[in-house]
Amino acid sequence: MSEIPFKNPGWAGNTGEFDLTEEQVRGDDLVGKRPVDGGHPSGAASYPYMVADRNPDATLFEGPYRERFEKILSRYPDKQAALLPTLGLAQEIRGHVSPESMDRVAELLELSPAYVRGVATFYTMYNKQAVGRHLIQVCTNVSCNLCGADEVLEAFLRYNDVEPGETTEDGNFTVIEAECLAACGFPTCVQINSRYYENVTPTDVPGIIEALRSGKAGER
Ligand code: FES
């Protein structure tokens, strides 16, 4: 795995008195590319945020992804119950869930397009428009806010010269504000694709962006 050239590598193990590698903390299975066959169900929720092979023009639910869709269906009592993971799979393939993707999901699950749109637009975790290769979500909720999250958000926006929700011209970065990411003990928490960066301060921002740009922070 690449070496991360800044203080907080994105997991809690290297804070405090610990000195652990990411593999030791998370285990080898959860580090690296997402498995096309879906792997263990417990990992599936993070795949829609991984970047490998993401393609906004890809055909939905074909080939191995058709098998994934069938696998998802087999875990639920009826098609309607499979809606959330199916939307997740659409986002995993294309990086976002467009109105066209929602219609395709509705067709496959024999639901009305309005029902699928109602569900997809309720959840902020589904990207409704295309995002950059790295989706940067800065938590500005209470704990992070008290520890300077607004300045961290501002630093990401200014360093990339974008407004919230905008993507940089090179298509690399989209910066958005997020509600609590459930890492309140490590403020400010920033989720970039499927990975958490914790205890982030404004001065960490250039190092994180450049590590991502150069590939040193890995692709997840
Ligand atoms: S308030 Fe930021 S992770 Fe909970």
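Whatever order the structure lists ligands and atoms in, that order sets their numbers, starting from 1. These numbers were taken from a predicted model, which means no experiment stands behind them.
Ion pairing of E100 with R94 is present here, as a side-chain N (NZ or NE/NH1/NH2) and a carboxylate O approach within less than 4.0 Å. In this structure, E70 pairs ionically with R66, as a charged nitrogen and a carboxylate oxygen lie closer than 4.0 Å.
Around atom 2 (Fe) of ligand 1, protein N, O or S atoms at less than 2.8 Å number 2.
Using a distance-only test at 3.5 Å, with no hydrogens or angles considered, a donor-acceptor pair links the side chain of Q191 to the main chain of N193. Remark: the backbone N or O of T140 is paired with a side-chain donor or acceptor of N145 at under 3.5 angstrom.
Looking at residues two or more places apart in sequence or on another chain, you find a side-chain contact (heavy atoms from CB on, under 4.5 Å) between R117 and P99, M102, D103.
Within 6.0 Å of atom CG in D161, 12 or fewer heavy atoms from other residues, nucleotides or ligands are found, so the atom counts as exposed in its surroundings.
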